[in-house]
Amino acid sequence: MRTVLMVAEKPSLAQSIAKILSRGNMSSRKGLNGACSVHEYTGSFIGQSAHFKMTSVCGHVMTLDFIGKYNSWDKVDPAELFSKAPTEKKEANPKLTMVKFLQVEGRGCDCIVLWLDCDKEGENICFEVLDAVLPVMNKPRGTERTIYRAKFSSITDTDICNAMNHLGEPNRNEALSVDARQELDLRIGCAFTRFQTKYFQGKYGNLDSSLISFGPCQTPTLGFCVERHDKIQSFKPETYWVLQAKVNPEKESSLTLDWDRVRVFDREVAQMFLNITKMEKEAKVESVSKKEKVKQRPLALNTVEMLRVASAALGMGPQHAMQIAERLYTQGYISYPRTETTHYPENFDLKGCLRQQANNPYWAETVKSLLSEGINRPRKGHDAGDHPPITPMRAATEAELGGDGWRLYEYITRHFIATVSADCKYLQTTISFSIGPERFTCVGKVVTSPGFTEIMPWHSIPLEESLPHCEKGDLFPIGEIKLLEKQTSPPDYLTEAELITLMEKHGIGTDASIPVHINNICQRNYVTVESGRRLKPTNLGIVLVHGYYKIDAELVLPTIRSAVEKQLNLIALGKANYHQVLEHTLDIFKRKFHYFVDSIAGMDELMEVSFSPLAATGKPLSRCGKCHRFMKYIQ
């Protein structure tokens with residue numbers, strides 16, 4: 001009888017998967033590290049009877065770091081971190097003794113099935129697990145396969161059993177692309193961070209940050225926020241004038257018309273138009289056009305869109321939203337929440353997912369009518385070849401999920417129902433008027449078929465006053481014509497949702513890491529989250545970005561990171577060599593680093609304007625034992 005070790009990414013997932021595969025017929029015990037459990041049952045594996053042991057890790061087993069002596073900030077020149085300093089893999093969480101735990105459970109096993117999450121990070125963890133357990137597993141007999149990889153997108157009976165029946169192999173290239181990203185971020189981030197932190201901290205007393213960090217993704221992310229801040233600062237409001245006319249089709253009602261010229265920036269010209277139109281008593285209908293228009297139903301939901309909506313409509317930060325989505329996934333309520341795909345595969349059981357929702361009081365009627373009348377195929381989206389779009393997998397109630405969990409689940413479900421609903425159709429009527437030589441327009445919309453807007457009411461066409469029935473040549477008395485004086489307004493600070501859009505557009509980070517980068521710039525005191533989840537850069541954030549722009553704009557522009565992400569994707573696809581990409585990228589940043597060190601005075605000048613030098617606030621005495629910043633000795 002063979003013994004099969006199976007490993008999932010989190011303890012809760014291991015339990016759910018084991019429950020499904022053993023049909024509830026399993027025994028469980030705590031593992032030696034206290035964090036992970038082991039679930040055992042017997043069954044058949046590739047035609048032979050087998051004893052299964054299902055357990056899990058807690059995310060990454062290993063993390064990359066420099067070897068001991070290079071972790072001392074004071075003894076090592078940061079420039080050495082680019083190539084000279086050797087790195088090693090250390091346990092990500094030494095308290096969990098994960099390697100020892102995996103070896104204890106893996107000893108004497110014949111096969112291993114890897115149930116880690118199906119994305120690049122998951123593939124990377126696969127190889128971390130294999131490095132730990134292969135040495136203690138039984139050696140394979142002859143050429144037999146002992147390593148298997150399960151591919152799944154949701155924790156449902158069908159998906160898990162299907163994965164067990166179609167086991168593949170772990171993908172070495174995807175794992176390597178994660179290794180490359182880790183090493184680049186470690187070497188580049190540490191070198192710049194150590195240099196600028198040490199340089200500025202000894203000099204300025206009121207610098208409100210114990211760490212002035214640089215990150216190849218984090219810094220361009222901050223760059224977007226500061227770029228918007230600069231636009232706001234340099235904005236000069238201009239005055240403009242608008243001509244507004246009102247006509248009275250009937251005694252009681254009045255209709256406001258929009259001027260075809262929209263606005264003019266010259267007071268005298270505006271006054272002239274007002275004088276010309278003031279002489280008229282009636283507005284003449286020049287044309288009436290009616291058009292059937294369509295508002296398209298949404299594309300299927302991917303991670304980036306979910307994070308945008310969570311921030312803009314539900315008021316949840318991306319990091320928080322991602323944690324909730326992961327919890328909903330591990331509990332089996334939704335499919336895997338990290339996906340770039342917005343296209344359902346042909347064989348996806350849309351009706352099955354929809355049937356699950358037929359009894360929820362909030363949308364039961366919509367779902368039942370869709371099932372009886374037949375569903376619409378969702379729009380053709382982008383297929384990134386990773387996971388299907390985020391889809392509700394089973395029914396839930398507000399009481400089960402509670403608070404934010406329910407709000408996110410409700411949105412995901414409404415979005416899913418909308419993707420299989422009909423488009424929204426409406427009739428748009430445009431009436432064109434002339435008052436003297438000037439043209440004015442009035443537009444009205446009437447919904448003919450609400451389609452998906454029934455389930456997503458916030459997308460519905462707003463109800464407007466209905467337009468009067470009229471024909472070409474009709475005359476209406478003019479109620480009033482006046483000039484409105486207005487001012488152009490500056491843009492607002494970036495919202496998280498807008499920042500996520502910019503990051504996706506410029507290829508900064510991945511769907512999994514975008515929330516982390518945004519969280520980092522908030523934690524590091526580079527931006528603060530204002531009302532409406534708008535990101536306002538702090539003094540420190542602004543000075544840093546302006547400093548990078550002054551010395552080497554490519555450190556903060558998205559272009560270089562975007563090119564690096566493309567190279568990393570090529571490694572994952574097996575089209576680029578891991579060592580070459582690493583060497584080439586580190587070489588570029590090493591040169592940039594040396595130039596940065598030589599030109600740091602440029603950033604210093606900006607710092608002096610915003611922060612007071614230590615000399616002015618007392619003299620540096622010694623470092624504080626707790627935060628390692630210089631204490632001030634003030635007489």
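The figures here come from the full heavy-atom set of this structure, side chains too, leaving out hydrogens, waters and symmetry mates. Here, residue 1 is the first one in the sequence, and each next residue gets the next number.
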(Q) side-chain contact (heavy atoms from CB on, under 4.5 Å) for Arg524 and Gln218? Distances and angles first, verdict last. (A) CA-CA 10 Å; Arg524 302 275 153 79; Gln218 165 198 311; 3.0 Å; yes

Q.
Could you go through Met164 and Trp115, starting from their C-alpha distance and side-chain angles, then the distance that decides it, and tell me whether this counts as side-chain contact (heavy atoms from CB on, under 4.5 Å)?
A. CA-CA 10 Å; Met164 192 66 180; Trp115 286 90; 3.5 Å; yes

(Q) The test is side-chain contact (heavy atoms from CB on, under 4.5 Å); show your working for Cys111 and Arg145 and say whether it passes. (A) CA-CA 8 Å; Cys111 301; Arg145 237 178 96 188; over 6 Å; no

Q: Walk me through it: do Thr495 and Arg534 pass the test side-chain contact (heavy atoms from CB on, under 4.5 Å)?
A: CA-CA 4 Å; Thr495 60; Arg534 293 189 179 278; 3.2 Å; yes

Q: For the pair His382 and Glu340, evaluate side-chain hydrogen bond (donor to acceptor under 3.5 Å, both in side chains) and give the outcome as yes or no after the intermediate values.
A: CA-CA 8 Å; His382 164 67; Glu340 293 172 14; 5.3 Å; no

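Within 6.0 Å of atom NZ in Lys592, more than 12 heavy atoms from other residues, nucleotides or ligands are found, so the atom counts as buried in its surroundings. Taking a 6.0 Å sphere around NE2 of His594, one finds it holds more than 12 heavy atoms contributed by other residues, nucleotides or ligands. Counting heavy-atom neighbours within 6.0 Å of Lys550 NZ, excluding the residue itself, gives a total above 12. Within a 6.0 Å sphere centred on NZ of Lys151, heavy atoms belonging to other residues, nucleotides or ligands number more than 12. Heavy-atom neighbours of Lys75 NZ from other residues, nucleotides or ligands within 6.0 Å: at or below the threshold of 12. Within 6.0 Å of CD on Glu583 lie no more than 12 heavy atoms contributed by other residues, nucleotides or ligands. No more than 12 heavy-atom neighbours from other residues, nucleotides or ligands sit within 6.0 angstrom of NZ on Lys380.
Residues Ser311 and Ala497 approach most closely at OG-N, 3.9 Å, considering heavy atoms. Residue Cys118 comes nearest to Arg149 through the heavy atom pair CA-NH2, 3.6 Å, listed as atom of the first residue, atom of the second, then distance. Nearest heavy atoms, Pro389 versus Thr339: CA-CG2, 4.2 Å.
Screening Thr158, Thr156, Ile155 for a side chain to side chain contact (heavy atoms under 4.5 Å, CB included) involving Ile20 leaves a single residue, Ile155.
A side-chain donor from one of Thr341 and Asp386 sits under 3.5 Å from a side-chain acceptor of the other. Neither side chain, His387 nor Asp119, offers a donor N or O lying under 3.5 Å from an acceptor on the other. Side chains of Thr510 and Ser513: a donor-acceptor N/O pair is present below 3.5 angstrom, by distance only.
Taking the side-chain contact (heavy atoms from CB on, under 4.5 Å) definition, one finds that Lys95 meets it with Asn93, sequence neighbours left out. Take His39 and apply the ring pair (Phe, Tyr, Trp, His ring centres under 6.0 Å) test, not counting sequence neighbours, and it matches no residue.
To the nearest 0.5 angstrom, Asn525 atom CG is 5.0 Å from Thr538 atom OG1. Taking CE of Met62 as the start and CD of Glu88 as the end, the distance is 8.5 Å to the nearest 0.5 Å. To the nearest 0.5 Å, atoms OG (Ser12) and CD1 (Ile17) are separated by 9.0 Å.
Cation-pi geometry between Arg172 and Phe127 is met: under 6.0 angstrom from the ring centre, within 45 degrees of the axis.
Two residues are said to be in side-chain contact when any heavy atoms from C-beta on lie closer than 4.5 Å; Ile518 and Gln319 fail this criterion. Using a 4.5 Å heavy-atom cutoff, the side chains of Val529 and Leu535 are in contact. When side chains are defined from C-beta on, Thr391 counts as touching Phe348, because their heavy atoms get closer than 4.5 Å.
Tyr526 places a side-chain N or O within donor-acceptor distance of the main-chain N or O of Ser213, the cut-off being under 3.5 Å.
The residues Glu305 and Arg308 are annotated as salt-bridged, a charged nitrogen and a carboxylate oxygen being separated by less than 4.0 angstrom. At a threshold of 4.0 Å, the pair Arg407-Asp404 counts as salt-bridged, since one of the basic side-chain nitrogens sits closer than that to a carboxylate oxygen.
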Output a table of donor-acceptor pairs, distance under 3.5 Å, between side-chain atoms of residues 178-195 and any protein atom two or more places apart or on a different chain; print 'none' if there are none.
{"unit_1": "Asp179", "atom_1": "OD1", "unit_2": "Lys89", "atom_2": "NZ", "d": "3.0"}
{"unit_1": "Asp179", "atom_1": "OD1", "unit_2": "Asn124", "atom_2": "ND2", "d": "3.0"}
{"unit_1": "Arg181", "atom_1": "NH2", "unit_2": "Glu565", "atom_2": "OE1", "d": "2.5"}
{"unit_1": "Glu183", "atom_1": "OE2", "unit_2": "Arg187", "atom_2": "NE", "d": "3.0"}
{"unit_1": "Glu183", "atom_1": "OE2", "unit_2": "Arg187", "atom_2": "NH2", "d": "3.4"}
{"unit_1": "Asp185", "atom_1": "OD1", "unit_2": "Arg561", "atom_2": "NH1", "d": "3.2"}
{"unit_1": "Arg187", "atom_1": "NH1", "unit_2": "Leu81", "atom_2": "O", "d": "2.8"}
{"unit_1": "Arg187", "atom_1": "NH1", "unit_2": "Ala85", "atom_2": "O", "d": "2.9"}
{"unit_1": "Arg187", "atom_1": "NH2", "unit_2": "Ala85", "atom_2": "O", "d": "3.0"}
{"unit_1": "Thr193", "atom_1": "OG1", "unit_2": "Gly189", "atom_2": "O", "d": "2.6"}
{"unit_1": "Thr193", "atom_1": "OG1", "unit_2": "Phe214", "atom_2": "N", "d": "2.8"}
{"unit_1": "Thr193", "atom_1": "OG1", "unit_2": "Phe214", "atom_2": "O", "d": "3.3"}
{"unit_1": "Arg194", "atom_1": "NH1", "unit_2": "Tyr70", "atom_2": "O", "d": "2.8"}
{"unit_1": "Arg194", "atom_1": "NH2", "unit_2": "Tyr70", "atom_2": "O", "d": "3.1"}

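Between Tyr344 and Phe416, the angle of the ring planes goes over 60°, which puts this pair in the perpendicular group of the 30/60° scheme.
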